[in-house]
Amino acid sequence: MAVTGRLGLLALFGALVVGLLAPSDAGLLAVGGVLLVLVVADLVLAGSVRALTFSRSGDTSVRLGEPCEVTLLVGNPGGRAVRGALRDAWPPSAGASDRHAVKVPPGERRAFVTALRPSRRGDRTAARVTVRSVGPLGLAARQGSHEVPWTVRVLPPFHSRKHLPSRLARLQQLDGRNAVLIRGQGTEFDSLREYVIGDDVRSIDWRATARAADVMVRTWRPERDRHVVLVLDTGRVSAGRVGDAPRLDAAMDAALLLAALASRAGDRVDLLAYDRRLRAAVQGSSGPALLTSLVNAMAPLEPSLVETDARGMVAEVLQRTRRRALVVLLTGLDAAPLEEGLFPVLSSLTARHELIVASVADPRVAEMLAGRGDAEAVYDAAAASRTLAERHRVTERLGRHGVSVVDAVPEELAPALADRYLALKAAGRL
């Protein structure tokens, strides 16, 4: 039982009066007794919260930062109306407007809509529903809590989607649909056309020329049905925050843009997330189902504060990917983890696959590099200079192993990685 409001306090005072006053204080004793009787009567007349029934409906997934709604249906099978307050509790990161005024007549049901705007990825699960049923006099209330499970999966926001149309236009040019046809190693024959000045003479088809009145050349288009493997490093390096989000979120955004682009190009896209063990995997999805599978696999991923087992990660990639593929490793460019982890096993990966290493750069480092205002700023600039020099050395060493490196700030990583993929397509290296 919960006693509410000023009258409730007055009732408590009346109960104390009954218990503390001497029998000779008959007037005050009578007042206290009346108040106590009113409180008990109000409590008895309040609608029962134990018998209430609950069910939910509404959104089960939403992109990070976008609103969604979950409807709670409350049924009152009792003989008295339930009126008062209801709290539909969710974790703070769900951003729920969870408090409602409630009035459910006997034998009826009422719907209450909880608006959510999550601030974190992952699964946000409803905690419990608490109902306070106030008596008709407002002196006392019944209160009870019920477990009414519901989960909303908060998906990555995919901010880089805005870059997709421009990259698709470039892909169409490479694919010959805008009359821009290329010739390169590993490309597929597309059609024949007449020779024009500037064409590569190696593309002349002499047999077709012998049968025609003009010199004919072969046109080519990038190969389709290539294999692209996206590998998310979910270890310690992915936990570092750049701005308001961990590096892992920017890596996911870049992976989604590349997956959407490669899927439109006719390539097969797989995903692995790994640190000390396999955290998520997507294989065999294609077409519109691909992005759905990817965002659902990425949503619950959180950085693990452990050093990534690079040997295990490379072994997982090699085991799952038998034919030659483009492997895109989204990780950090910190020298120490790469020296101890990736470099010793790098050759086994590059011998079988084309490799891109994509890393999230911190724009704060460039800001620190320009600082000269005081002694602290000079020290910051020296630290930033050393950090950039180490990243450059790592990039050069990866380049000597035939690895392409994309190092960009979060806002630029996704389009830069997509551009590198298109460049490999244009060069016939996929």
Checklist entry - Less than 4.0 Å between a side-chain N and a carboxylate O, is that true for Asp270 and Arg268? => result yes
Item to check | Under 3.5 Å: donor-acceptor pair, side chain of Arg276, backbone of Glu307 | outcome: yes
Next on the checklist: Less than 4.0 angstrom from a charged side-chain N to a carboxylate O is my criterion; do Asp233 and Arg247 meet it?
Outcome noted: no
Checklist entry - When you look at CZ of Arg153, are more than 12 heavy atoms from neighbouring residues, nucleotides or ligands closer to it than 6.0 Å? => result yes
Next on the checklist: Looking at Ser404 and Ile356, would you say the former's side chain and the latter's main chain have a donor-acceptor pair under 3.5 Å?
Outcome noted: no
Next on the checklist: Looking at Arg161 and Pro157, would you say the former's side chain and the latter's main chain have a donor-acceptor pair under 3.5 Å?
Outcome noted: no
Checklist entry - Do Glu339 and Arg397 meet the salt-bridge criterion of a basic N to acidic O distance under 4.0 Å? => result yes
Checklist entry - Does His100 use its side chain to pair, donor to acceptor, with the backbone of Leu86 at less than 3.5 Å? => result no
Checklist entry - Of the non-hydrogen atoms in Ala358 and Leu413, which two are nearest, and what is the gap between them? => result CB-CD1, 4.3 Å
Item to check | Residue pair Val134 / Ala141: nearest heavy atoms and the distance that separates them | outcome: CA-CB, 3.9 Å
Next on the checklist: So does Thr114 get a backbone contact from the side chain of Ser97, meaning a donor-acceptor N/O pair under 3.5 Å?
Outcome noted: no
Next on the checklist: I'd like to know if the side chain of Asp374 reaches the main chain of Glu376, judged simply by a donor and an acceptor atom lying under 3.5 Å from each other, with no hydrogens or angles considered.
Outcome noted: yes
Item to check | Option from Leu73, Val131, Asp88 for which side chain to side chain contact (heavy atoms under 4.5 Å, CB included) with Phe54 holds | outcome: Val131
Item to check | Atom of Pro77, atom of Gly75 and distance for their closest heavy-atom approach | outcome: CD-O, 3.4 Å
Item to check | Single hit among Leu272, Leu301, Val328 for side chain to side chain contact (heavy atoms under 4.5 Å, CB included) with Leu232 | outcome: Leu301
Checklist entry - Which pair of non-hydrogen atoms, one from His146 and one from Val49, has the smallest distance, and what is that distance? => result NE2-O, 2.9 Å
Checklist outcome for this item: Closest non-hydrogen contact found for Arg121 with Ala299 is NH1-O, 2.9 Å
Next on the checklist: Among Val317, Thr350, Val231, Val405, which residue satisfies the side chain to side chain contact (heavy atoms under 4.5 Å, CB included) criterion with Leu355?
Outcome noted: Thr350
Checklist entry - Are the side chain of Asn76 and the backbone N or O of Val104 linked by a donor-acceptor pair below 3.5 Å? => result yes
Checklist entry - Closest approach of Ala361 and Arg391, non-hydrogen atoms and distance? => result CA-NH2, 3.9 Å
